[in-house]
Engineer: 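Below you'll find the structure I mean.
First the proteins, then the strands, lettered A, B, ... as listed; each starts at 1. For clarity, every value in this text was computed on a predicted model and none was experimentally measured.
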Number of protein chains: 2
Amino acid sequence: MKLEAAKAQFIQTWGSLATQWGINKTMAQIHALLLVTSDPISQDDLMEELSISRGSANMNIRELIDWGLVDRVIIPGERKEFFLAEKDIWKVFRQIVKERKKRELEPLLKVLQQLQAVEGDKKNREAKAFTDTIENIQKFVGQADKSLDSLVKADESWFWGNLIKLIK
Amino acid sequence: MKLEAAKAQFIQTWGSLATQWGINKTMAQIHALLLVTSDPISQDDLMEELSISRGSANMNIRELIDWGLVDRVIIPGERKEFFLAEKDIWKVFRQIVKERKKRELEPLLKVLQQLQAVEGDKKNREAKAFTDTIENIQKFVGQADKSLDSLVKADESWFWGNLIKLIK
DNA sequence: CTAATCTTTCAATAGTTATTGAAAGATTTA
DNA sequence: TAAATCTTTCAATAACTATTGAAAGATTAG
C-alpha cells in the first residue's frame, strides 16, 4: 500500500468513526491528517488536501485548538499560520477525556443531584422506581467521574501496567 | 420537584446527552423513560408519553432491543407487547461497551493492522511519521480493547474496588 | 499610509439524519 | 374464515447539522 493511499484511508476511517461519536467528520479528518504528518501544515494546505472550504477549515481548526488537540505554530519568515497536532495518543486520549468530562459528565452530575430532590412518597411505587434508578445512575456517574479524574492525571505506562495487573 | 417534572427533565437530559454521543435522541428518551418506570410500557403508551409517532417508536424500540438494553415482555391476557429496560446501570454500561467495542473498536483494529503494511521507506520522513503514529494508535487501541474485554466480564463492586485501589 | 496577504465571520445552501403516518403485513379472537 | 387488533415498513417530509464562499476584519510589509 502506498503512503498516500494509506493516509487517505486513515483519514476516512477516523472521520467516519468520529461521526458515530457525535463529532464533526471534517474536524476529525483534519485531526487525522495532522496526526500522521510530521511537519506543521497551513490552512491552505489543509483545504487543498481534504478538499474543504476556507470557512470549514477555519472553523474546525479552531474547534480542534479549543479541544486542546492542535496547536498554532509560527514559522519564522512565514506570514501564514501553521498547525500541528499532539502525536502522543495517550495525551490525546487524556485531553479528550478531560474535555468531555468537563462538558458532559459534570453538568449531568448536577442535574442528577437536583433530581434527587423529587417529592418522595415512599409508598408510591412509581416514585420509588424513579428515585432508585436516579440514585444508581448518580452513584455510577460519580464513581466514573472520580476514576476519570485519576486517569487524566495518570502516566501512560503506569496506567496500563496497573490496569493489566488489575484485570488479570 | 414533582415526579412528573423530574421524569421529564431526566428524559430530556438523557436525550440531549445522547445527541452529543451520536445516538438518536428519541431512542435515548425511550430508554430514559423505561429506566425510570418500574412496570413494562406498551408502544402506545410510549408514543403518548413522548409524543412520538408509531413508526419512530417502533424503530427506536427495536434498536434498543438490538443493543440489548430493552426486553420485550408478554403480559398474560394482553394482546399488545410491552417493554422493560434493564435497570442495573452497571449492566447497561457493560452492554453498551460490549456493543460499541464490537461495532467500532474491532473494525478499527483491522484497519490499523492493514495500514501498517504501508510501503516503508525508512529514510522518508513523512513515511516514518505515518507509521509511527499508526503504530502508537494501534498499541493504544489494542490495550484498550483488551482492557474493555475484562471490564465487560467484570463484576461491578470488584471493578470499582480495584480501580479505586489502583488510582489512589 | 496603502497594498498585499492572511484570518474570521455568517447568511445562504447543501447534505445528512430522523420522523411521520398511511398502508401492508401479522397475529389473534370468535 | 373474517374481523379486529397489533406490528412493521417505507416513501415523503421535516428537522438538524455542516459547508460554502464572498465580504469584512486583521495584520504585516514596503
Side-chain angles (χ1 to χ4, degrees), chain A residues 11-34 40-67 69-84 103-104, chain B residues 11-34 40-67 69-84 103-104:
Chain A
I11 288 166
Q12 118 82 26
T13 302
W14 211 240
S16 67
L17 206 70
T19 302
Q20 299 181 283
W21 284 76
I23 294 153
N24 182 302
K25 190 184 81 185
T26 303
M27 177 172 146
Q29 292 187 327
I30 294 173
H31 188 217
L33 177 54
L34 290 170
I41 308 180
S42 73
Q43 181 168 306
D44 285 316
D45 286 348
L46 284 171
M47 287 164 59
E48 165 91 28
E49 284 223 49
L50 300 174
S51 308
I52 56 175
S53 71
R54 187 164 299 284
S56 184
N58 191 274
M59 203 196 93
N60 286 297
I61 291 169
R62 193 196 318 146
E63 189 84 3
L64 282 164
I65 294 173
D66 269 4
W67 276 83
L69 302 173
V70 164
D71 286 325
R72 248 175 248 279
V73 165
I74 302 298
I75 295 188
E78 288 275 9
R79 192 78 184 267
K80 287 179 189 170
E81 294 179 337
F82 288 74
F83 304 95
L84 193 65
R103 297 173 190 210
E104 295 158 20
Chain B
I11 289 166
Q12 118 82 26
T13 302
W14 210 241
S16 69
L17 205 71
T19 302
Q20 298 181 285
W21 284 78
I23 294 155
N24 182 304
K25 190 184 80 183
T26 303
M27 177 174 146
Q29 291 187 327
I30 293 174
H31 189 216
L33 176 52
L34 289 170
I41 308 182
S42 72
Q43 181 168 308
D44 284 317
D45 286 348
L46 284 170
M47 287 164 60
E48 164 90 28
E49 284 223 48
L50 300 174
S51 308
I52 57 176
S53 71
R54 188 165 296 285
S56 183
N58 192 274
M59 202 197 92
N60 286 298
I61 290 170
R62 193 195 318 146
E63 190 85 2
L64 282 165
I65 293 173
D66 269 6
W67 277 85
L69 302 173
V70 165
D71 287 325
R72 247 177 248 280
V73 166
I74 304 297
I75 295 188
E78 287 274 8
R79 193 87 180 259
K80 288 181 188 169
E81 294 177 336
F82 287 73
F83 303 96
L84 192 66
R103 298 172 189 209
E104 295 158 23

Engineer: Any heavy-atom pair between the side chains of B:Q20 and B:L17 that's under 4.5 Å?
Structural biologist: yes
Engineer: Is any side-chain heavy atom of B:K80 less than 4.5 Å from a side-chain heavy atom of B:D44?
Structural biologist: yes
Engineer: Give the intermediate values and the outcome of side chain to side chain contact (heavy atoms under 4.5 Å, CB included) for residues B:H31 and B:W67.
Structural biologist: CA-CA 11 Å; B:H31 189 216; B:W67 277 85; over 6 Å; no
Engineer: Are any of the side-chain heavy atoms of B:I30 and B:L50 separated by less than 4.5 Å?
Structural biologist: yes
Engineer: Within a radius of less than 6.0 Å around CD of B:E48, do more than 12 heavy atoms belonging to other residues, nucleotides or ligands occur?
Structural biologist: no
Engineer: Do A:Q43 and A:E81 make a side-chain contact, defined as non-hydrogen atoms from C-beta onward lying under 4.5 Å apart?
Structural biologist: no
Engineer: Would you find a donor on one side and an acceptor on the other, under 3.5 Å apart, between the side chain of B:N60 and the backbone of B:S56?
Structural biologist: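 Side chain of B:N60 to backbone of B:S56: a pair is present.
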Engineer: Within the structure provided, determine whether A:R72 and A:F83 are in side-chain contact (heavy-atom separation under 4.5 Å).
Structural biologist: yes
Engineer: Any residue in residues 19-27 of chain A with a heavy atom nearer than 4.0 angstrom to DNA chain D? Just list them by number, or reply none.
Structural biologist: A:N24, A:T26
Engineer: Rounding to an integer number of Å, can you tell me how far B:I74 CD1 sits from C:dT28 C1'?
Structural biologist: 12 Å
Engineer: Taking the nucleotide of DNA chain C with the closest heavy atom to each, which residue, A:E78 or A:R62, is nearer the 5' end?
Structural biologist: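 Counting from the 5' end, the first nearest nucleotide belongs to A:E78.
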Engineer: Look up atom CD1 in A:I61 and atom CG in A:L34, then write down how far apart they are to the nearest 0.5 Å.
Structural biologist: 7.5 Å
Engineer: What residues from residues 46-60 of chain B pass a heavy-atom cutoff of under 4.0 Å to DNA chain D?
Structural biologist: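 Within residues 46-60 of chain B, the residues near DNA chain D are B:R54, B:G55, B:N58.
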Engineer: In the structure I gave you, are the side-chain heavy atoms of A:Q12 and A:S16 within less than 4.5 Å of one another anywhere?
Structural biologist: yes
Engineer: First and last nucleotide of DNA chain D in contact with chain B, 5' to 3', at under 4.0 Å to a heavy atom: what are they?
Structural biologist: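 Range of nucleotides touched by chain B: D:dA4 to D:dT17.
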Engineer: Can you check the A:F82 CZ to C:dT5 P distance for me, whole Å?
Structural biologist: 15 Å
Engineer: Need one value for B:Q43: base, sugar-phosphate or nothing, where a base atom within 4.0 Å counts as base even if backbone is also close, heavy atoms only.
Structural biologist: base
